Asker: 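Here it is: the structure, laid out below.
Letters A, B, ... mirror the listed sequences (proteins, then strands); counts begin at 1. Everything quoted here is computed from the prediction, not taken from an experiment.
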Amino acid sequence: MLELIDVSLKRDNKEILDKINLKLDEEKFYVITGPNGSGKSSLAKIIMGIEKPTEGKIIFNGIDITDKSITERSKLGISFAFQQPVNFKGLTVYDLLEIAIDKEITKKEACDILSKVGMCALNYIDREVNTTLSGGELKRIEIATVIAKNPKLAIFDEPEAGIDLWSFQNLISVFKQLEKDNKGITLVISHQEKILNIADQIILLENGKIKKIGSKNVMLDIILKKESCCKEVNICE
Amino acid sequence: MNKDILANIIDNDIKKVDAYNIRENGKSVAWKNNPYINIIPKKDGQGIDVYVKENTLFGIVDIPVIITDSGLKEVVYNDFYIGKNANIIIVSGCGIHNNGKHESIHDGIHRFFLEENSKVKYIEKHYGDGTGKKKFNPITEINMQKGSSMIMETSQIKGVDNTIRITKATLLDDTTLTINEKLLTNSNQSAKTDFEINLDGYNASCHVTSRSVATDNSYQEFKSNIVGNNKSFAHVACDAIIKDKASVKAIPEIYANDIDANLIHEAAIGKIAGAQLIKLMSLGLTSSEAEETIIKGFLK
Ligand SMILES: Nc1ncnc2c1ncn2[C@@H]1O[C@H](COP(=O)(O)OP(=O)(O)OP(=O)(O)O)[C@@H](O)[C@H]1O
Ligand SMILES: [Mg+2]
């Protein structure tokens, strides 16, 4: 279980996250959604340890991880696919997967992981993880590094961004499988109705606050209604 | 012969190559020729002439230099004549072991003459160990006739106090020159590299990639001057990671003398990107393991 207690994040006198209280259970699929800039990525970074909360506590499976480093959290089974994948000059796709798995792997094992994210592995395994890869390819590799870790808590920040429709369907089944296999928590940040649709719980974030949490049925109504209402509002008013 | 040093500068099995010449402490100590590749010592002993016959296919030549006498200072002239259509790999390299008080210096002046349609891959490694001062000042001159191509790979990972590397090339029609440089300096070392490439021929092209890491108090300077005198292409990429109190200077110069010359220079100097460290840490590495992995990959 992951528990956030009164977690706040302040930057430049701005409250990016404001007293977030959240409990996430095993074998559940959570989706965080909300407007751009509402604090979704910041929340994910706080859970991974990339940002330190200005206030509050984070408890993961009974351990207070508030002051634990990124590395320590990774070793406890938390894993995070970045919204913007990182480029590495000189590290190949294979290198990254091997680091993720933390033991020597065969090319075949690396290929198997890549094919989960819909990549024809042999063409990619020795490629450098740099900008000669397309945006969608980088995104899939990013997702693959998290899948490779078999995490207890897998966080994906807008995994669908840049991924084509066909692969998107497969991705959804990969997420479901991952959750089942690892008996872990899956936390996906997304704006996509299709991903919202497979959520056990949807968390709506607005202005750094949790506006509402609930089951898919209740939340989809609220969120979709809101979208249609907002289309008529002039943003500059 | 010092086998340990040899292993640090030559990757292949010297006994199995087509031709070789081992220079140790200022003298040739072992050599081998074959019908296609002829290595002839210069009259004054300060170097060799290597003749590769026309149409030689996949020849391999090793010409390592080893210095273990502290205080030895030498200037060595090696000339390579590569015949038409020949295809050859030349593995060079110099290792200095110096535990003495005096500085050891190896200045290698290498001149390449590539005849039409010949292909050369030239690999050069610098290696140094011991507490005494070690210096290398290589000069490489490359003359490329029509249709020839050359790949030059150089690496110097720590161990050398001072280096000034000068590389000059003249490219005629339809030639391609690819240079990959790897460099890591630490403590108070300094390394300067200077490329001067003239793209004189129609469709001449060159690709220079320099990747370097400067740590501690070391200093590096990367200078390149590419001149496009014809319809030609050049891409120069200088990438440096700095750490600690190190400094790196990049001086790019590209000069297009022809409306169809297309010359690109990219230079990036900076510390390791925070996002790279964070990503690897999120995969379970400690911050120092992450740093090591990034540097190792960068210089691979
Ligand atoms: N280091 C920082 N310093 C100042 N402001 C920051 C910092 N990091 C994030 N912010 C701000 O905090 C807010 C939340 O950012 P965050 O990236 O968490 O949003 P998000 O919900 O993930 O948005 P998106 O849907 O666009 O990805 C934004 O207004 C952003 O500009
Ligand atoms: Mg975001």
Asker: Rounded to the nearest 0.5 Å, how far apart are CG of B/Leu283 and CD1 of A/Ile70?
Answerer: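 It is 10.5 Å, given to the nearest 0.5 Å.
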Asker: Show your working on salt bridge (charged side-chain N to carboxylate O under 4.0 Å, His left out) between A/Arg140 and A/Asp164 and close with a plain yes or no.
Answerer: CA-CA 11 Å; A/Arg140 291 176 201 213; A/Asp164 57 70; 2.9 Å; yes
Asker: Of the backbone (N, CA, C, O) and the side chain (C-beta and beyond), which part of A/Phe80 lies under 4.5 Å from a heavy atom of chain B, both, or neither?
Answerer: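 Just the backbone, heavy atoms under 4.5 Å.
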Asker: At a cut-off of 3.5 Å, what donor and acceptor atoms pair up between chain A and chain B?
Answerer:
| unit_1 | atom_1 | unit_2 | atom_2 | d |
| --- | --- | --- | --- | --- |
| A/Thr71 | OG1 | B/Leu285 | O | 2.8 |
| A/Ser74 | OG | B/Ser282 | O | 3.1 |
| A/Ser74 | OG | B/Gly284 | N | 3.1 |
| A/Lys75 | NZ | B/Gly284 | O | 2.8 |
| A/Asn87 | O | B/Gln276 | NE2 | 2.8 |
| A/Lys89 | NZ | B/Asp239 | OD1 | 3.2 |
| A/Lys89 | NZ | B/Asp239 | OD2 | 2.8 |
| A/Gly90 | O | B/Lys300 | NZ | 2.9 |
| A/Asp95 | OD2 | B/Lys300 | NZ | 3.0 |
| A/Glu142 | OE2 | B/Lys279 | NZ | 2.9 |
| A/Thr145 | OG1 | B/Lys279 | NZ | 3.1 |
| A/Lys149 | NZ | B/Leu283 | O | 2.7 |

Asker: Checking heavy atoms, do the side chain of A/Ile101, its backbone, both or neither come under 4.5 Å from chain B?
Answerer: neither
Asker: To the closest 0.5 Å, what do you measure between CG (A/Leu24) and CE (A/Met1)?
Answerer: 9.0 Å
Asker: Start with the C-alpha distance between A/Asp112 and A/Lys108, add both sets of side-chain angles, then the distance that settles salt bridge (charged side-chain N to carboxylate O under 4.0 Å, His left out), and finish with yes or no.
Answerer: CA-CA 6 Å; A/Asp112 288 346; A/Lys108 166 96 177 45; 3.1 Å; yes
Asker: When heavy-atom pairs shorter than 4.5 Å are enumerated against chain B, which of A/Leu91, A/Val86, A/Ile50 gives the highest number?
Answerer: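 Result: the option with the highest number of such pairs is A/Val86.
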Asker: Looking only at atom types and distance, does a side-chain atom of A/Lys19 sit under 3.5 Å from a main-chain N or O of A/Gly56, one as donor and one as acceptor?
Answerer: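 The answer is no, because no donor-acceptor pair under 3.5 Å joins these two groups.
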Asker: Donor-acceptor check, side chain of A/Ser115 to backbone of A/Gly118, threshold 3.5 angstrom: yes or no?
Answerer: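 Judged by distance alone, no pair lies under 3.5 Å.
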Asker: Between A/Glu55 and A/Asp6 (side chain of the first, backbone of the second, donor and acceptor by atom type, cut-off under 3.5 Å), is there such a pair?
Answerer: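 Not confirmed, A/Glu55 side chain does not pair with A/Asp6 backbone.
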